[in-house]
Amino acid sequence: MPELPEVETVRRGLAPYLEGRSLVRVDVRRADLRIPVPRDFAGRATNRRVERLWRRGKYLLMELDDGATIIAHLGMSGRLVLAGNGVNGQGRHDHVSFETEDGTHIVFNDPRRFGLITLAGPGDLENHPLLAAMGPEPLDPAFDGAVISAALRTRSASIKAALLDQHVMAGIGNIYACEALFRARISPRRKAKGVAGQRAERLVLALKQVLTEAIEAGGSSLRDHRRPDGGLGYFQHSFAVYGREGEPCPGCNCDRDETGGIRRMVQGGRSTFFCSRRQR
DNA sequence: CGGCAAACCTGCGAGC
DNA sequence: TGCTCGCAGGTTTGCC
């Protein structure tokens, strides 16, 4: 499910229930996620207070009062939801659950188990292998044309592939890569190193805008994404190209013919949606 | 380094 | 109704 806006939506939804609260009970019902939940996970998290719920790229991070940090990634199908919204903590794919001191139950549910929950000890987060090499946050004010140009300058891969590479920048997935390239009018086939100057400026602006708008809309609910309260995001209604193969291009209104309309191609095994007339 | 395919795992919709 | 196929928002690994 989750790219940066969806993870940020989850963070915002859960923060009021977690920040400043102690975890009085932690249950691991299934530990064989993408990387195994550590054996001592429940013991190390129980009776710790959550100081801060924050996000790095697509990772949700729960900083605990002993300096350790719970690391969660939702993979393709993961959810972190408040119990009671169709999830009770006992379901087939309810793998980990947390209960806070005021009786709130939060459940990590992930049918495909591409997600993970683990824990970094005090001081270990910065060097944690999952996070250490991650690129900059696209919504950081310091993320600008110069930063993105420097990150892309050495990359001969396509710009679409570069956007999906979490070492280049953090949090972009297939949907927002397609949407940002459309807004920036850049061909997904263009070499990443060819995105500099004005193109880089347009791309930075497009990324910031599409991510911000998506967060404001509560993310995109296609198959799996739910807000922590069970509610739907609705940014999917604002997609310009993603999943719109065969439709007229909303930018130039070109219709489906030799050169126009929204087309789908496969890059690196992932679908790319684009308008070859508008994106160069 | 790059590009690609496959692997991880389950569910869903389309088509027959 | 029921089966098979293809596809899915992510990431890693291995091969050429």
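Below, read A as the first sequence line, B as the second, and so on, with proteins coming before strands; counting in each chain starts at 1.
- Annotation for M169(A) and L207(A): closest pair SD-CD1, 3.7 Å, computed over non-hydrogen atoms.
- Using a 4.0 Å heavy-atom distance criterion, R155(A) is classed as a sugar-phosphate-only contact.
- Rounded to the nearest 0.5 Å, atoms NE2 (H95(A)) and CZ (R92(A)) are 9.0 Å apart.
- Under the side chain to side chain contact (heavy atoms under 4.5 Å, CB included) criterion, A157(A) pairs with A161(A), not counting sequence neighbours.
- For R12(A), the side chain to side chain donor-acceptor pair (under 3.5 Å) test picks out E8(A), with sequence neighbours left out.
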Show each protein N/O and nucleotides 14-16 of chain C N/O combination with a separation under 3.5 Å, one pair to a line.
none

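- On the P atoms, dA6(B) is 16 Å away from dC5(C), given to the nearest whole Å.
- Within the structure, the salt bridge (Lys or Arg N to Asp or Glu O under 4.0 Å) test picks out the following pairs touching residues 135-149 of chain A (sequence neighbours left out): R55(A)-E137(A), R56(A)-E137(A).
- Taking only side-chain nitrogens and oxygens, Q166(A) comes nearer than 4.0 Å to OP1 or OP2 of dT11(C).
- For H73(A), the ring-ring contact (aromatic ring centres under 6.0 Å, His included) partners are Y59(A), not counting sequence neighbours.
- The ring pair (Phe, Tyr, Trp, His ring centres under 6.0 Å) analysis of residues 104-143 of chain A, with sequence neighbours excluded, yields no pairs.
- Annotation: dA5(B) and dC7(C) have their P atoms spaced 13 Å apart (nearest Å).
- T272(A) and C178(A) make their closest contact through CA-SG, 3.9 Å (heavy atoms, listed as atom of the first residue, atom of the second, distance).
- The OG atom of S187(A) sits 7.0 Å away from atom CD of Q279(A), with the distance rounded to the nearest 0.5 Å.
- Dashed line: the shortest gap from a side-chain N or O of R112(A) to OP1 or OP2 of dA8(C) is not under 4.0 Å.
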Restricting to nitrogen or oxygen on both sides, can you table the protein-nucleotides 4-7 of chain C pairs closer than 3.5 Å?
none

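- For the contact set between residues 157-165 of chain A and DNA chain B, defined by any heavy atom under 4.0 Å, the members are A157(A), S158(A).
- Scanning for ring-ring contact (aromatic ring centres under 6.0 Å, His included) contacts around Y242(A) gives F239(A), F273(A), with sequence neighbours left out.
- Atom CD1 of I70(A) is separated from atom CG of L61(A) by 10.0 Å, given to the nearest 0.5 angstrom.
- Using a 4.0 Å heavy-atom distance criterion, Y242(A) is classed as a sugar-phosphate-only contact.
- No side-chain heavy atom of V241(A) sits less than 4.5 Å from a side-chain heavy atom of F274(A).
- In terms of the side chain to side chain donor-acceptor pair (under 3.5 Å) criterion, K58(A) has no residue partners (sequence neighbours excluded).
- Looking at Y17(A) and F98(A), their side chains never come closer than 4.5 Å, going by heavy atoms from C-beta outward.
- In the 5' to 3' direction, nucleotides of DNA chain B lying under 4.0 Å from heavy atoms of chain A begin and end at dG2(B) to dG11(B).
- Side-chain atoms of R21(A) and T104(A) form no donor-acceptor pair, as typed in the model, at a separation below 3.5 Å.
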Can you give the dot-bracket line for DNA chain C, using ( ) for pairs inside the strand, [ ] for pairs that cross earlier ones, | for pairs with another strand and . for unpaired bases, where Watson-Crick and G-U count if both distances are under 3.5 Å?
.|||||||.|||||||

